[in-house]
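Presented below is the structure to which this report refers.
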Amino acid sequence: MEILRDHDLKAFNSFGISSRAAVLARACFTTDVGEGVRMALQEQLPLKILGGGSNILLRGEQVAFVMKMEIPGLEITRRDGANVYVTAGAGCEWEQLINFALSNHLWGIENLTLIPGRVGSSPIQNIGAYGVELKDVFHSLVAYDRHTSGFVELGRDDCRFGYRQSIFKSAAKGRYIITQVTLKLSLEARPVLRYSHLNEALSVRGISNPELTDVVELIRSVRQTKLPDPLLIGSAGSFFKNPVVKNGIADVIKASHADAPVFDAGSGYSKLAAGWLIEQCGWKGFRDGDAGVWPHQALVLVNYGKATGVELSDLANRIIESVSDRFGVDLEPEVNFW
Ligand SMILES: Cc1cc2nc3c(=O)[nH]c(=O)nc-3n(C[C@H](O)[C@H](O)[C@H](O)COP(=O)(O)OP(=O)(O)OC[C@H]3O[C@@H](n4cnc5c(N)ncnc54)[C@H](O)[C@@H]3O)c2cc1C
């Protein structure tokens with residue numbers, strides 16, 4: 001396993017923040033994972049697992065043993081009628097998996113195109129976009145269990161997926177190191193176009209029965225107008241989760257703001273659009289030094305160049321405070337703070 005000491009992580013996080021890791025270890029084989037865990041223990045350093053670094057905010061130097069998951073692999077492992085099981089190594093780029101599904105005519109993850117990061121991180125927050133979540137196609141994963149020092153296979157129920165949530169972010173935080181993920185995709189066309197603007201955009205293009213490529217191209221074009229290109233502007237995508245509140249709170253907001261986007265979340269709860277709340281508080285396009293709020297989507301905090309993790313988390317705290325003061329709603333970061 002390649003071991004780099006006192007290594008800058010700037011190139012390994014999508015915010016582009018400079019922060020030195022005491023150790024950066026590149027895990028390219030499954031056997032590297034146990035070795036990395038043992039080395040971190042020997043060196044008495046906390047272990048941190050890194051994928052593509054597109055959902056972390058580095059708030060200072062990393063006095064840690066950072067294990068970067070680079071285990072490759074991407075193949076069809078089983079066919080069962082129209083169902084096709086695709087297994088990928090944790091280090092496989094998520095978009096590589098999307099392209100693999102496209103070239104094999106497999107439906108299920110097309111709405112998740114252009115989400116940066118690695119396959120191994122996708123279960124952590126149950127990645128989601130445009131009405132589809134990982135859990136909808138998830139079959140199983142293999143992970144190194146730090147409690148037993150062995151490998152386990154976990155199914156969908158074990159992972160307890162929720163909105164941007166899983167067991168890996170809650171009860172079992174830090175316990176499992178995911179090495180492989182298997183998804184159950186389908187040869188049968190099943191476009192998910194619940195968002196009305198997706199349907200409208202398709203009809204503008206004169207498409208009534210979309211092919212897989214139509215959906216992928218549509219989602220890619222929508223994302224490119226809203227989100228900063230991670231290669232040009234540092235960000236972690238949505239910085240906050242959309243808050244889920246009791247219906248009574250949503251009703252109060254609706255009464256004074258008829259245009260407020262409110263979605264039924266079931267069992268007496270509603271989901272609010274965090275971006276809308278932030279925009280109402282006047283943050284959209286705000287910039288303080290190099291830390292800012294993306295002018296095209298207020299949910300996205302950006303690093304225009306030299307912002308530090310502390311500056312960005314200070315900005316996030318100011319936003320949380322102002323949304324709480326104005327609407328009585330607590331925003332929760334989606335990003336993982338390191
Ligand atoms: C421009 C942009 C757009 C985005 N859009 C979306 C979106 O539409 N929907 C969405 O859900 N997310 C989105 N994201 C967030 C991000 O891309 C996803 O959360 C992605 O899954 C993170 O993958 P990563 O490999 O970069 O994870 P990292 O940032 O490296 O890690 C994220 C967390 O997972 C842990 N982790 C990583 N790999 C493993 C592993 N193998 N085993 C155990 N723990 C691990 C890390 O310790 C960390 O806590 C976006 C980000 C950007 C920059």
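One-based numbering, in listed order, for ligands and for the atoms of each. Please read these numbers as outputs of a predicted model, since none were measured by experiment.
- Between Leu57 and Phe239, the closest side-chain pair of non-hydrogen atoms falls below 4.5 Å.
- Minimum interatomic distance between Cys92 and Leu97 (heavy atoms only, all atoms of both residues): SG-N, 4.4 Å.
- Listed by first and then second residue, the side-chain hydrogen bond (donor to acceptor under 3.5 Å, both in side chains) pairs that reach into residues 224-239 come to none, sequence neighbours excluded.
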Mind listing the N or O contacts between ligand 1 and protein, cut-off under 3.5 Å?
from: ligand 1; atom 1: 5 (N); to: Arg223; atom 2: NH2; distance (Å): 2.8
from: ligand 1; atom 1: 8 (O); to: Arg223; atom 2: NH1; distance (Å): 3.0
from: ligand 1; atom 1: 8 (O); to: Arg223; atom 2: NH2; distance (Å): 3.3
from: ligand 1; atom 1: 9 (N); to: Gly128; atom 2: O; distance (Å): 2.8
from: ligand 1; atom 1: 11 (O); to: Gln125; atom 2: NE2; distance (Å): 2.9
from: ligand 1; atom 1: 11 (O); to: Gly128; atom 2: N; distance (Å): 3.1
from: ligand 1; atom 1: 12 (N); to: Gln125; atom 2: NE2; distance (Å): 3.1
from: ligand 1; atom 1: 17 (O); to: Ser54; atom 2: OG; distance (Å): 2.9
from: ligand 1; atom 1: 17 (O); to: Pro116; atom 2: O; distance (Å): 2.8
from: ligand 1; atom 1: 19 (O); to: Asn55; atom 2: ND2; distance (Å): 3.1
from: ligand 1; atom 1: 19 (O); to: Gln125; atom 2: NE2; distance (Å): 3.0
from: ligand 1; atom 1: 25 (O); to: Gly52; atom 2: N; distance (Å): 2.7
from: ligand 1; atom 1: 25 (O); to: Arg118; atom 2: N; distance (Å): 2.9
from: ligand 1; atom 1: 25 (O); to: Ser121; atom 2: OG; distance (Å): 2.6
from: ligand 1; atom 1: 26 (O); to: Gly52; atom 2: N; distance (Å): 3.3
from: ligand 1; atom 1: 26 (O); to: Gly53; atom 2: N; distance (Å): 3.1
from: ligand 1; atom 1: 26 (O); to: Ser54; atom 2: N; distance (Å): 2.7
from: ligand 1; atom 1: 26 (O); to: Ser54; atom 2: OG; distance (Å): 2.6
from: ligand 1; atom 1: 27 (O); to: Ser121; atom 2: OG; distance (Å): 3.2
from: ligand 1; atom 1: 29 (O); to: Ser54; atom 2: N; distance (Å): 3.0
from: ligand 1; atom 1: 29 (O); to: Asn55; atom 2: N; distance (Å): 2.8
from: ligand 1; atom 1: 30 (O); to: Gly51; atom 2: N; distance (Å): 2.7
from: ligand 1; atom 1: 30 (O); to: Gly52; atom 2: N; distance (Å): 3.3
from: ligand 1; atom 1: 30 (O); to: Gly53; atom 2: N; distance (Å): 2.8
from: ligand 1; atom 1: 38 (N); to: Ser121; atom 2: OG; distance (Å): 3.3
from: ligand 1; atom 1: 41 (N); to: Ile178; atom 2: O; distance (Å): 2.9
from: ligand 1; atom 1: 42 (N); to: Ile178; atom 2: N; distance (Å): 2.9
from: ligand 1; atom 1: 47 (O); to: Ile49; atom 2: O; distance (Å): 2.5

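- The side-chain hydrogen bond (donor to acceptor under 3.5 Å, both in side chains) search around Asn317 returns none, not counting sequence neighbours.
- In this structure, Tyr144 has its ring center no closer than 6.0 Å to that of Tyr176.
- Legend: side-chain hydrogen bond (donor to acceptor under 3.5 Å, both in side chains) pairs involving residues 22-39, not counting sequence neighbours, sorted by first then second residue: Arg26-Glu70.
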